[in-house]
Amino acid sequence: PKVGVGRRCGAILANLGGYRGLLSEEMYEELTALAKSVQGARICHVNSTAAGGGVAELLARYIPMLQALGVQADWRLIHGEPEFFAITKSFHNALQGGHYGLGKAEQDLYLTVNERSAKALGNDYDLYIVHDPQPAAIRHFAGPRGAKWIWRCHIDSSAPDKDVSHFLRPLLEEYEAVVFTMDQFVLPQLASKRIAFIAPAIDPLATKNMELSADLCRRVIVDSGVDPTRPLLLQVSRFDPWKDPLGVVRAYRLVKEELPGVQLVLIGAMAGDDPEGWEILDRVEEEAANDPDLFVFTNLSGVGSMEVNAFQRGSDVVIQKSLREGFGLVVSEALWKEKPVVAGNTGGIPMQFPEPFQKHLVDNVEGCAERALHLLQHPGERGDFGRAGREHVRQHFLMPRLVRDELRLIRQVLG
Ligand code: UDP
């Protein structure tokens, strides 16, 4: 495997003008003023995957937007062998509360890859923003370079496995600042110089979220073999136990007892740093093998952002039955498209729901089926929910707000 840190640049230069209609004048002024105040500083974002999962999704749009604002920002990836990513996936699960018997060999490999990555990263930046546990030890190995460091945690780490928490905590305490999505997510006993809370956001102008005609969405859906005249449920998620795809299948089967025409589409990109995903994909495909109304699509079969967009727009109810969730960009993506969402009552999901519709947050398979069936049978309520959802996302979860919050923090950290 390739070892070191590779460079990933924003492919699309964000068109700032396109946001003007979505932003208040005040927000636009603050954004441009903040960008000016950090001009000249070289900023580097570091994570472990360029595709698959919310962090990659976010950075692919966030970095070009910073660049369009005149901020010097790069995106670099760490590389590691599959064993490294198996360990970091376990860290991820352990921070979310799963048990992990962390041994010496795992610690050594984790630290070795991080040390190698720190060397490969070089010395060219004034500020590093390191995402999630995979590259978290880079700061430790970077030594005193005069640069500032921020660790950005996208996970709910409030009830972590003790050993993993004990191992990671001192590494994280070396950062000038740490960022969590919500105050409830902070790793217990973390003694940081500065802790900030910033929620992620979606980009309304990205291919994933741009307006598409109903006719185009219908064609994409028909082309995939799905019947657009029958009710359609959708979950878009990595094949991960915390996203509970098998629970979604069980909920869909319960809905089908009442509404035989219902169909379920599961879309799941396979991420390079997610070995567990392949196993779950196998199990989901087994479920689909004997059910002509259950469809499983992945990026491997050519389902990319545009298709996800079309399916989100073309489905009747979007499901996100997470058992734990850092944020769940897919929830905002669906609400932005005025789709009703039935989702796990966990982590960063509830804050994305407009208050009157929080009754569609669920705790189990039966609840998920009951809420989905209810919404399928009440088109008026679906419309109300969707419209309220879009307005809520417009106010709180669009990219310019995220860029503003992060620039505020960057300015403080750079001093
Ligand atoms: N996604 C995608 N194709 C897929 C599965 C997911 O494009 O097959 C995208 C999805 O639209 C969202 C991101 O990947 O933008 C997943 O982010 P989220 O925060 O929901 O979950 P994470 O994977 O980070 O836990």
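All residue numbers refer to positions in the sequence shown, counting from 1. Indexing begins at 1, ligand by ligand and atom by atom, following the structure's order.
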Residue Val236 vicinity, atoms of ligand 1 by number, heavy atom under 4.0 Å
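By the 4.0 Å cutoff, the relevant atoms are 1 (N), 4 (C), 5 (C), 6 (C).
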
Would you mind running through ligand 1 and noting each atom that sits below 4.0 Å from a heavy atom of Glu57?
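Within the 4.0 Å cut-off of Glu57, ligand 1 contributes 9 (C), 14 (O), 15 (O).
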
Among all protein heavy atoms in this structure, tell me which lies nearest to [atom], with the distance rounded to 0.1 Å.
{"atom": "atom 10 (C) of ligand 1", "result": "Val330 CG1, 3.5 Å"}
{"atom": "atom 9 (C) of ligand 1", "result": "Lys208 NZ, 3.5 Å"}
{"atom": "atom 23 (O) of ligand 1", "result": "Arg238 NE, 2.7 Å"}
{"atom": "atom 8 (O) of ligand 1", "result": "Ala269 N, 2.4 Å"}
{"atom": "atom 21 (O) of ligand 1", "result": "Lys243 NZ, 3.1 Å"}

Beyond-backbone contact of Ser224 with Phe311, side-chain heavy atoms, under 4.5 angstrom:
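In short, these two side chains touch, coming nearer than 4.5 Å.
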
In the structure I gave you, are the side-chain heavy atoms of Pro400 and Met65 within less than 4.5 Å of one another anywhere?
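Yes, close enough: below the 4.5 Å cut-off.
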
Tell me which part of Val308 gets within contact of ligand 1: side chain, backbone, both or neither, using heavy atoms under 4.0 Å.
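Side chain only.
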
Kindly identify the option in His154, His92, Glu333, Gln235 whose heavy atom sits closest to atom 12 (C) of ligand 1.
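Looking at heavy atoms only, the winner is Glu333.
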
Which one of Leu329, Thr207, Asn299 has a non-hydrogen atom at the shortest distance from atom 20 (O) of ligand 1?
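It is Leu329 whose heavy atom sits nearest to atom 20 (O) of ligand 1.
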
Side chains of [X] and [Y], donor plus acceptor under 3.5 Å:
{"X": "Arg152", "Y": "Thr181", "answer": "yes"}
{"X": "Ser158", "Y": "Gln184", "answer": "no"}
{"X": "Tyr62", "Y": "Glu406", "answer": "yes"}

Is any side-chain N of the basic residue among Arg324 and Asp240 closer than 4.0 Å to the acidic one's carboxylate O?
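Here Arg324 does not pair with Asp240 in a salt bridge, since their nearest N and O are not under 4.0 Å apart.
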
Thinking salt bridges, do Glu30 and Arg411 make one under a 4.0 Å N-O criterion?
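So Glu30 does not pair with Arg411 through a salt bridge.
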
Is there a heavy atom of Gly328 sitting under 4.0 angstrom from any atom of ligand 1?
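Yes, Gly328 has a heavy atom closer than 4.0 Å to ligand 1.
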
Does any N/O atom on Gly54 come nearer than 3.5 Å to any N/O atom on ligand 1?
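Yes.
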
Any pair counted as salt bridge (charged side-chain N to carboxylate O under 4.0 Å, His left out), so long as it reaches residues 179-193, sequence neighbours left out
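Listed once each, the pairs would be none.
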
